[in-house]
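The chain is numbered in sequence order, starting from 1. Both counts, for ligands and for their atoms, begin at 1 and track the order of listing.
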Amino acid sequence: MTAEAGLPDTLRDLPAWTPEPVELADLELILAGVYRPLKGFLGSFDTAMVIAGGRLADGTPWPVPVTLSVPKELTEHDRLVLQDPEGVPLAVLTVEERWQDPTSGDQRLAGPLEALRAPAHGPFHAMRRRPDEMEPAAGPVLAVATRDFLHRRQLGQIRQVAERLGARVLLMPLLGGGHDESLVRALLAVRRELPDDVRVVPVPLPDRGDDDRDIVLRAHVAAAYGATHLLAEREVEDVPIPIAVPEPWAYDADVEVWRPVARIEPDHVQAELSPERLGELLDAGEPVPDWFTPPAVAAELAVARPPKRSRGITVFFTGLSGSGKSTVARGLADALIERGGRTVTLLDGDVVRRMLSAGLTFSRPDRDLNIRRIGFVAAEITRHGGVAICAPIAPYAATRAEVRRMVEAHGDFVLVHVATPLEECERRDRKGLYAKARAGLIPEFTGVSDPYEEPDDADLTIDTSALTPDEAVGRVLTLLAEGDWIRPA
Ligand SMILES: Nc1ncnc2c1ncn2[C@@H]1O[C@H](COP(=O)(O)OS(=O)(=O)O)[C@@H](OP(=O)(O)O)[C@H]1O
Ligand SMILES: Nc1ncnc2c1ncn2[C@@H]1O[C@H](COP(=O)(O)OP(=O)(O)O)[C@@H](O)[C@H]1O
């Protein structure tokens, strides 16, 4: 039976697990041979050696831990099917070691992987290559592994280094940031600014958060794809191929060309556009100057970071029952709809409980699941450029932070703490729930018999005991206008 027809009979009874996105990216690179000599996820000794000194236990240089975390109940099995988020089986892991991460306490499994099928979907998947599918190049190959857009400065630097080395250029857009498709399109668009035989191969390689080790990892990946050099900002140790560090370039505003700083006349003006200024231009929807980046790149930048007036945003209210979340959220939704120019979706706590989360209780796991569902929908609305207004109690800081992360992958997130004191909420007791909770008729009632973790990351705090509903809505509108998400009234 072929893999495409389904799982072989011998594997049907194995437990299946969907790893986290970074682990899935690692899995793909291990299976494709990009992470050679790694054949599977690392055990405790290799991991400790890599963290301590950038080498595997046998002395082979390797920069980052490549590990797999699983829930405790899966650690008893000897073999495990690893699948993608849609449940498509990708590989079988044969467990050689079960171990607990001493820092995070995570349960880990180590052992070799056997491929069931290559991941074969996702935008630009047709451009993905295994190293053994690459035509070998005759001479030197300069790899440019980047998750950043390439502007005129970088394009000039790449041309100069490639020429110096006599190398062809291999562009490797690193996937796993928020704007993979824009990045790939922008790199495809600048091919014509580079030598003729440039190749583009997207690689799923999220950053690990250690700049030097990330460069070393990129060098390993580049070497696997046949590169002889890696372009990087600085030299690092223990790299499999040499790092090519470009000389500084600047824009000579007097003659309107980019060139190496060393070749700019001392009396000429050097123009600069800082990343902060670039962000401001994009936020305001103003054009990015042509001298800085090619128009096709500017267009993709604007897709990746749209002007704030049209960028998706989630306004997330949190607070006790009766604090005024629904009233203010509804008022805000109405005000935004009246102003026009924005699509607005109100995800009120009570309504969500009836629709998305029917059947859930008020236990911590069920509250968390409820908030994650709201976060998922809000993130999708944000991704499509809409305004999502959410108004659940959301009593736990960690879950609110999770929603913030989900949303900020696609747009902006504003947290409004409706900090009306418990006594006032209880005095209002619009639904009679506090009385019932005090009488012990409702268990786990927030503020009475269940916790509420006050936010320390609120963008706005309002106490509705001291404001009218219109004033409370006004505060939120002012915040949105000051942040430039909406026009001032
Ligand atoms: N045990 C308990 N604790 C808190 N609230 C309770 C409880 N049981 C029922 N209710 C009613 O459910 C509304 C809160 O639901 P949420 O989905 O916003 O809660 S949570 O965010 O999942 O914690 C809340 O509505 P609001 O008053 O609009 O906040 C209550 O009316
Ligand atoms: N400034 C204010 N903002 C919001 N609600 C207020 C305000 N002043 C009084 N209230 C009253 O408080 C109650 C808040 O209920 P609700 O909006 O359903 O809160 P929650 O959604 O947090 O449970 C409503 O009866 C509302 O009329």
Least distance between heavy atoms, Ser449 atom then Pro443 atom:
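That would be OG-C, 4.0 Å.
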Thr146 to Leu183 - nearest heavy-atom pair and separation:
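Residues Thr146 and Leu183, closest heavy atoms: O-CD2, 3.7 Å.
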Taking atom types as modelled and ignoring hydrogens, do the side chains of [X] and [Y] form a donor-acceptor contact shorter than 3.5 angstrom?
{"X": "Thr468", "Y": "Asp470", "result": "no"}
{"X": "Tyr35", "Y": "Asp26", "result": "yes"}
{"X": "Thr318", "Y": "Tyr452", "result": "yes"}
{"X": "Thr446", "Y": "Arg367", "result": "yes"}
{"X": "Thr382", "Y": "Thr314", "result": "yes"}
{"X": "Thr75", "Y": "Gln107", "result": "no"}
{"X": "Thr420", "Y": "Thr464", "result": "yes"}

Identity of the nearest option to [atom], non-hydrogen atoms only, from [options]:
{"atom": "atom 4 (C) of ligand 2", "options": "Thr327, Ile393, Val418", "result": "Thr327"}
{"atom": "atom 5 (N) of ligand 1", "options": "Thr399, Ile393, Ile442", "result": "Ile393"}
{"atom": "atom 10 (N) of ligand 2", "options": "Arg427, Glu471, Arg428, Glu424", "result": "Arg428"}

Could you say whether the N/O atoms of Gly322 and ligand 2 ever approach to under 3.5 Å?
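N/O-N/O distance below 3.5 Å exists for this pair.
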Return yes or no for this condition: an N or O of Ser321 is under 3.5 Å from an N or O of ligand 2.
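No; every N/O pair is 3.5 Å or more apart.
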Which bit of Asp348 gets closer than 4.0 Å to ligand 1, counting heavy atoms only: side chain, backbone, both or neither?
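For Asp348, no heavy atom sits under 4.0 Å from ligand 1.
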Between Thr446 and ligand 1, which residue portion shows a heavy-atom distance shorter than 4.0 Å: side chain, backbone, both, or neither?
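Near ligand 1, Thr446 shows its backbone as well as its side chain.
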Heavy atom of the protein closest to [atom] (residue, atom name, distance):
{"atom": "atom 21 (O) of ligand 1", "value": "Ala394 N, 2.8 Å"}
{"atom": "atom 15 (O) of ligand 2", "value": "Arg430 NE, 3.3 Å"}
{"atom": "atom 2 (C) of ligand 2", "value": "Thr464 CB, 3.3 Å"}
{"atom": "atom 13 (C) of ligand 1", "value": "Asp350 OD1, 3.7 Å"}
{"atom": "atom 29 (O) of ligand 1", "value": "Lys325 NZ, 3.1 Å"}
{"atom": "atom 10 (N) of ligand 1", "value": "Phe362 CZ, 3.4 Å"}
{"atom": "atom 16 (P) of ligand 1", "value": "Arg353 NE, 3.8 Å"}
{"atom": "atom 26 (P) of ligand 1", "value": "Lys431 NZ, 3.5 Å"}
{"atom": "atom 19 (O) of ligand 2", "value": "Gly324 N, 3.1 Å"}
{"atom": "atom 1 (N) of ligand 2", "value": "Leu467 O, 2.6 Å"}
{"atom": "atom 21 (O) of ligand 2", "value": "Ser326 OG, 2.6 Å"}
{"atom": "atom 3 (N) of ligand 1", "value": "Arg367 NH2, 3.1 Å"}
{"atom": "atom 27 (O) of ligand 1", "value": "Ser321 OG, 2.6 Å"}

At a 4.0 Å threshold, what atoms of ligand 1 neighbour a non-hydrogen atom of [X]?
{"X": "Pro392", "result": "18 (O), 21 (O)"}
{"X": "Pro443", "result": "1 (N)"}
{"X": "Glu444", "result": "1 (N), 2 (C), 3 (N)"}
{"X": "Gly322", "result": "27 (O)"}
{"X": "Ile371", "result": "21 (O)"}

Treating [X] as the side-chain partner and [Y] as the backbone partner, does any N or O pair qualify as donor plus acceptor under 3.5 Å?
{"X": "Arg438", "Y": "Leu433", "result": "no"}
{"X": "Thr361", "Y": "Ser363", "result": "yes"}
{"X": "Glu23", "Y": "Glu20", "result": "yes"}

Determine whether the side chain, the backbone, both or neither of [X] has a heavy atom under 4.0 Å from any heavy atom of ligand 2.
{"X": "Leu320", "answer": "backbone"}
{"X": "Lys325", "answer": "both"}
{"X": "Thr468", "answer": "backbone"}

Is there a heavy atom of Gly319 sitting under 4.0 angstrom from any atom of ligand 2?
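No, that is not the case, since the closest heavy atom of the residue is not under 4.0 Å from the ligand.
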Look at [X] together with [Y] and state whether they make a salt bridge at an N to O cut-off of under 4.0 Å.
{"X": "Glu408", "Y": "Arg405", "answer": "no"}
{"X": "Asp283", "Y": "Arg311", "answer": "yes"}
{"X": "Arg330", "Y": "Asp348", "answer": "no"}
{"X": "Lys431", "Y": "Asp350", "answer": "yes"}

Does Asp450 come within less than 4.0 Å of ligand 1, judged by its heavy atoms?
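No, Asp450 has no heavy atom closer than 4.0 Å to ligand 1.
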Any chance you could measure Trp62, atom CH2, to Arg55, atom CZ, to the nearest 0.5 Å?
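One finds 13.5 Å between CH2 of Trp62 and CZ of Arg55.
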